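Take a look at the structure set out below.
The shown structure was predicted, so the numbers you read here are calculated from the model rather than taken from an experiment. Residue numbers start from 1 in every chain, and the chains themselves are labelled A, B, ... in the order their sequence lines are given, proteins ahead of strands.
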Amino acid sequence: MTLDAAGLRTLTREFLTAHPPATTPREEFLGARFDAGLAWVHYPRGLGGLGAPRALQAVVDAELEAAGAPDNNPRANGIGLGMAAPTVLAVGTDEQKRRFLKPLWTGEEIWCQLFSEPGAGSDLAALGTRAVLDGDTWTVNGQKVWTSGAHNARFAILIARTDPDVPKHKGITYFVCDMTDPGVDVRPLRQITGEAEFNEVFLSDVRIPDAHRLGAVGDGWKVAQTTLNNERVAIGGARIPREGGLIRPVAETWRARPELRTGDLHQRLMKLWVEAEAARLTGERLRQQLVAGHPGPEGAGMKLGFARLNQEISGLEVELLGEEGLLYDDWTMRRPEIVDFAGREAGYRYLRAKGNSIEGGTSEVLLNIVAERVLGLPPEPRTDKDVAWKDLAR
Amino acid sequence: MSAQPDLLYSEDEEALRAAVRDLLADHCAAAAVLARVETDAPHDRGLWKHLAENMGLAGLLVPERHGGQGASHREAAVVLEELGRSVAPLPYLTSAVIATEALLACDTVEATGLLAALASGRTIGALAVPLSAGPGQEFTAVREEGGAVTGRVTGVADAGVADVFLVPTANGLYAVDAEHATVEPQTSFDRTRPLAAVTLADAPARPLAADATRAASAVRRALRAGAGLLVSEQLGVADWLLTETVRYTRERHQFNRPVGSFQALKHRLAHLWLEVVNARAVARNAADALATSSDDTDIAVAVAQAYAAPVAVHVAEDALQLHGGIGMTWEHPIHLYLKRAKADSIALGTVGRHREELAELVDLRAP
């Protein structure tokens with residue numbers, strides 16, 4: 001069997017014959033798919049993959065989808081699939097890979113991320129959650145924030161300070177944290193939309209076996225960078241149709257409700273419509289570059305563009321609605337399972353979009369990254385690089 | 001929506017770009033352009049001979065059976081990107097794109113003959129309409145009577161170097177040799193694409209299209225291709241300005257630091273980069289739509305013009321500011337690019353006109 005598109009198609013069809021989706025229970029089907037190496041084909045054999053080119057996953061997915069096979073509900077485990085798994089694969093021990101990857105992929109175990117802290121946002125490397133080793137067990141104390149899915153998660157990827165006497169990037173270690181530990185306290189963090197997508201996580205004498213450390217002691221920052229880079233590679237998969245984003249509800253309202261139209265709103269709508277279409281075409285161009293095997297630097301800017309557009313478009317939508325823009329659908333505090341920026345009504349979209357320029361890197365930090373890494377402009381002079389973490393201003 | 005557009009550059013297109021860039025590096029230095037546009041002969045005829053005749057690039061849009069290269073708008077767009085990067089004073093957009101596209105849409109022996117002449121580069125053609133005219137506009141400044149045309153058109157780009165004018169009238173589209181026209185140069189804001197007034201007094205005219213309907217559609221098609229490919233020129237202008245400004249801010253020191261290390265400047269430059277990235281996507285989309293005669297062409301061209309025209313102006317204005325005092329001097333070439341970008345934002349329809357057209361096309365009608 002050669003690992004080209006035709007070979008994988010055959011393999012997938014054989015698998016479907018042996019495990020008919022219609023009569024195979026979901027958990028059993030997903031477990032068998034993992035064992036057959038069709039979960040993520042670019043992973044090694046025995047760990048859900050076949051060591052095939054990553055791009056060929058699309059061939060497998062298309063066959064499975066056409067056969068009506070269940071998927072692993074990837075949106076419910078974005079941190080696990082996008083960040084934890086590639087990190088475990090890159091730096092984990094054989095035992096860690098065997099223990100964590102299969103239930104992660106099937107969705108049996110959901111993962112969350114314990115990175116940001118109240119005192120460490122854009123400057124994540126300044127984090128202060130402490131981990132102290134005693135024998136073969138670490139004791140962890142601190143507070144994490146902006147943790148989505150913490151209340152459903154079985155495990156977390158955690159970065160904590162293990163050496164306060166060296167500069168901040170050097171004294172961090174990367175762990176797998178068991179979220180069922182009695183020292184883990186998850187509290188919903190209510191946002192301006194009224195709901196709580198995220199949590200605060202308080203860690204009080206949480207016990208982590210040294211066997212759950214990912215990578216070497218003190219290498220946590222480097223390990224985290226691997227994961228973040230991996231996240232960037234993953235974008236650009238899906239084609240977006242014209243009017244595919246937040247511009248759609250505005251355009252639909254415009255068409256359906258002539259009584260709301262004014263000349264000023266029309267000018268602004270058309271300007272934003274054009275910008276949304278330009279951003280869509282840039283996304284499509286990036287996707288074509290990835291398919292051709294030549295990823296361009298354009299990816300670094302996609303999030304910046306979408307954050308600003310989402311905010312301007314949703315702001316226009318509220319204004320377009322006039323009197324209805326003065327209303328809100330529901331302020332009830334709830335914990336949504338899946339976040340949809342375009343879900344609910346205009347007021348929600350407007351408020352939720354405010355987070356787009358903060359989450360996953362603030363626009364200000366991303367602009368620095370574009371300026372320094374893409375354009376090659378010199379960095380600002382730094383005052384924190386060679387100072388021990390314990391001596392930093394805070 | 002039609003098939004997915006190809007938004008990348010092919011290897012052949014990159015090779016073409018390299019060849020044109022080499023030629024321009026040797027023959028189109030900024031200082032030389034600046035000196036040339038101050039003379040009575042602002043166009044670079046020597047460079048045109050290299051580009052149009054020797055390299056055969058005037059005939060990119062023309063099928064081989066009519067003496068052209070049988071290439072497409074995608075390749076012509078790459079040429080225009082490079083010409084934009086050098087603000088080259090050449091009649092490429094006007095002759096090899098707009099006039100050529102009009103002739104491609106005509107159906108007479110006269111048109112076919114002229115098409116071959118333009119494709120060779122030895123004859124330069126110009127559509128006798130104001131540079132500001134966009135697709136869909138009607139032209140009545142010149143009237144035809146008994147095989148001769150009379151009227152006056154102002155703001156005709158590259159008219160000073162044209163050998164033949166394609167003249168739209170209510171009755172049809174006509175070819176008029178330059179020797180039968182009076183061409184008066186106008187003092188132009190963008191001297192790298194100089195304008196002139198063309199006066200025709202009972203000038204002998206040869207019909208190019210079988211009837212007035214076909215003539216009108218040929219003119220519309222020509223201006224649409226012009227607007228769609230002008231975007232690639234605007235992209236080239238913006239790309240050069242951004243590259244040059246990044247280079248300058250890395251080298252220029254104030255306060256014991258490169259000025260490009262200050263966040264206030266870095267953020268501005270990063271924003272400009274984002275705009276240029278988007279401009280490249282819309283430019284490729286428009287060129288590909290024109291090349292494949294896509295059903296989506298009207299939308300692709302309107303989107304591209306509405307997006308990229310202000311980008312080129314914005315990048316030029318910020319480039320000037322980020323260069324500080326030197327950018328305000330006559331000797332520094334930035335002003336050539338600013339003037340080209342601003343003129344281009346009016347050429348072939350303003351942003352507002354393209355947005356209005358787009359609103360109709362995508363059913364987002366004005367109140």
Engaged part of Leu274(B) at the chain A interface, taking heavy atoms whose separation is under 4.5 Å: side chain
Per-residue contact mode, Glu259(A) against chain B (heavy atom under 4.5 angstrom): neither
Between Glu275(A), Arg261(A), Gln288(A), Lys271(A), the one whose heavy-atom pairs under 4.5 Å with chain B are most numerous: Gln288(A)
Contact leader toward chain B among Glu372(A), Arg308(A), Glu243(A), Arg255(A), where contacts are heavy-atom pairs under 4.5 Å: Arg255(A)
His73(B) side chain to Asp288(B) side chain, donor-acceptor N/O pair below 3.5 angstrom: no
Backbone N/O of Val79(B) and side chain of Glu82(B): donor-acceptor pair under 3.5 Å: no
Whether Trp240(B) and Tyr337(B) hold their rings parallel, tilted or perpendicular, with breakpoints at 30° and 60°: parallel
Under 3.5 Å side-chain donor-acceptor pair for Glu284(A) and Gln4(B): yes
Side-chain donor or acceptor of Trp221(A) paired with backbone N/O of Lys170(A) under 3.5 Å: no
Pairs of heavy atoms under 4.5 Å with chain A: top-ranked of Ala304(B), Gly352(B), Ala281(B): Ala281(B)
Structural part of Leu269(A) lying under 4.5 Å from a heavy atom of chain B: side chain
Option that, when pairs with chain B are counted at under 4.5 Å, heavy atom only, ranks first among Glu364(A), Arg285(A), Met270(A): Arg285(A)
His354(B) versus chain A, the contacting section by heavy-atom distance below 4.5 Å: neither
Residue part contacting chain A, namely of Asp363(B), when any heavy atom lies under 4.5 Å: both
Arg344(A) side-chain N/O to Arg349(A) backbone N/O, donor-acceptor pair under 3.5 Å: no
Greatest number of heavy atom pairs closer than 4.5 Å to chain A - which of Val362(B), Ile299(B), Val282(B): Val362(B)
Six-ring centre of Trp273(A), Arg242(A) cation under 6.0 angstrom, axis tolerance 45°: no
